[in-house]
Amino acid sequence: MAVGTYASTQSTSHPHPTILPTPEALADAAAARFATAAADAVRARGSFVVALSGGTTPRRMYERLAAPPYVDGVPWPHVHILWGDERCVPPDDAASNVRMAREALLDHVAIAPEHVHRIRGEVEPADAAASYERTLRRLLGTPHGPPRTVPGARIDLVLLGLGEDGHTASLFPRVIGEGDGDAWTAAVHAAGGVAGSPWRVTLMPHVINAAAEVLFLVAGASKAAIVRRVLDGPRRPDALPAQRIAPTDGRLEWLLDAAAAGAATGER
Ligand code: 6PG
């Protein structure tokens, strides 16, 4: 149940975010959105390709998907799992995004192991990025050239979080990924206060922007200031990489809980 839309103070290219009253309601809304997108994609093309986000916010949503009605309602055998980014750590490391997803979701649903396309955090970052790009190109049937925004050749749903510094995936402020302009992935060195290894592998913005749908999930009062800067502040995509996310012809949606929207702290 949405509690209303964010009272944006300036026109932005972003749609009005949907505000949910609690983190639990946010997880419920995100899980429902995931299930709808999966059903639509499988009905239309027989498969659903989703890129999961890491960090802590999406865990509750993944746990919802691993419980009724979604544990049986989502067509899991037709789902392909990707990640928007990964920490360059082994897959059993506490900081690993694939470990979190396995614990919260993948070990509890009927997904085919060969449909889980993890980023190999245990190898050299540049090799992990290159290997992941090969996987993406094979899965999306685009062996050469830029991502394509045609159904069946693009990611159906990309889930994203938002860091307090304005990063999303592992697109950190003023960090130029080691991929070249056309690369679909990059190895990124994000030194300073980053969980696990400072090295990360990330999808590049143009791959995310080629998706059919991008869903930001942001929760907690600590994110209220950065949400307002990203959505209402001046466009400064180098400093605020989340502002680089603008799907070419896909759907962009922001799901916030009341605290992240500033409602709970009177910041409206
Ligand atoms: C990661 C994520 C990262 C995350 C934000 C928000 O690997 O950590 O991809 O972009 O979404 O940092 O993290 P929280 O949900 O933990 O606040």
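Whatever order the structure lists them in is the order used to number ligands and atoms, beginning at 1.
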At what distance is the nearest protein heavy atom to [atom], and which residue and atom is it?
{"atom": "atom 15 (O) of ligand 1", "result": "T57 OG1, 2.6 Å"}
{"atom": "atom 6 (C) of ligand 1", "result": "L162 O, 3.6 Å"}
{"atom": "atom 9 (O) of ligand 1", "result": "D85 OD1, 2.6 Å"}
{"atom": "atom 11 (O) of ligand 1", "result": "G161 CA, 3.3 Å"}
{"atom": "atom 13 (O) of ligand 1", "result": "G55 CA, 4.1 Å"}

Legend entry - Aromatic contact, Y70 with Y62 (centres under 6.0 Å):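 No, ring centres 6.0 Å or more apart.
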
Inset, instruction - Determine whether the aromatic ring centres of F34 and W76 lie less than 6.0 Å apart. - result: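 Ring centres of W76 and F34 closer than 6.0 Å.
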
Inset, instruction - Out of H167, R59, E164, E86, indicate the one that has the non-hydrogen atom closest to atom 12 (O) of ligand 1. - result: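 It is H167 that holds the nearest heavy atom.
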
Would you check the N or O atoms of [X], main chain and side chain alike, for any that come under 3.5 Å of an N or O of ligand 1?
{"X": "S170", "result": "no"}
{"X": "G163", "result": "no"}
{"X": "R87", "result": "yes"}
{"X": "T56", "result": "yes"}

Legend entry - Under-4.0 Å heavy-atom contact with ligand 1, by part of R200 that carries it: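 Near ligand 1, R200 shows its side chain, while the N, CA, C and O stay back.
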
Legend entry - Residue part near ligand 1, for N97, under 4.0 Å between non-hydrogen atoms: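 The side chain, only.
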
Legend entry - Within-shell test, A169 vs ligand 1, heavy atom, strictly < 4.0 Å: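 Yes, A169 has a heavy atom closer than 4.0 Å to ligand 1.
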
Inset, instruction - Tell me, please, whether W184 has R137 positioned over its six-membered ring: NZ or CZ under 6.0 Å from the ring centre and within 45 degrees of its axis? - result: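 Yes; both conditions hold, so R137 lies above the ring face of W184.
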
Quick one: pull up [atom1] in [X] and [atom2] in [Y] and give me the separation to the nearest 0.5 Å.
{"X": "L203", "Y": "N209", "atom1": "CG", "atom2": "CG", "value": "11.0 Å"}
{"X": "L139", "Y": "L82", "atom1": "CG", "atom2": "CG", "value": "5.5 Å"}
{"X": "T22", "Y": "R60", "atom1": "OG1", "atom2": "CZ", "value": "8.0 Å"}

Legend entry - The single option from L159, T57, L20 passing side chain to side chain contact (heavy atoms under 4.5 Å, CB included) against L255: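 The option that passes is L20.
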
Inset, instruction - Please could you name the atoms of ligand 1 that K223 approaches to less than 4.0 Å, counting only its heavy atoms? - result: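 It comes down to these atoms of ligand 1: 6 (C), 14 (P), 17 (O).
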
Legend entry - Derivation of the salt bridge (charged side-chain N to carboxylate O under 4.0 Å, His left out) call for R120 and E86: CA-CA 8 Å; R120 295 164 60 226; E86 180 59 279; over 6 Å; no

Inset, instruction - Go through the side-chain N and O atoms of D85 and S170 and say whether any donor and acceptor fall under 3.5 Å apart. - result: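 The criterion, which ignores hydrogens and geometry beyond distance, is satisfied for S170 and D85.
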
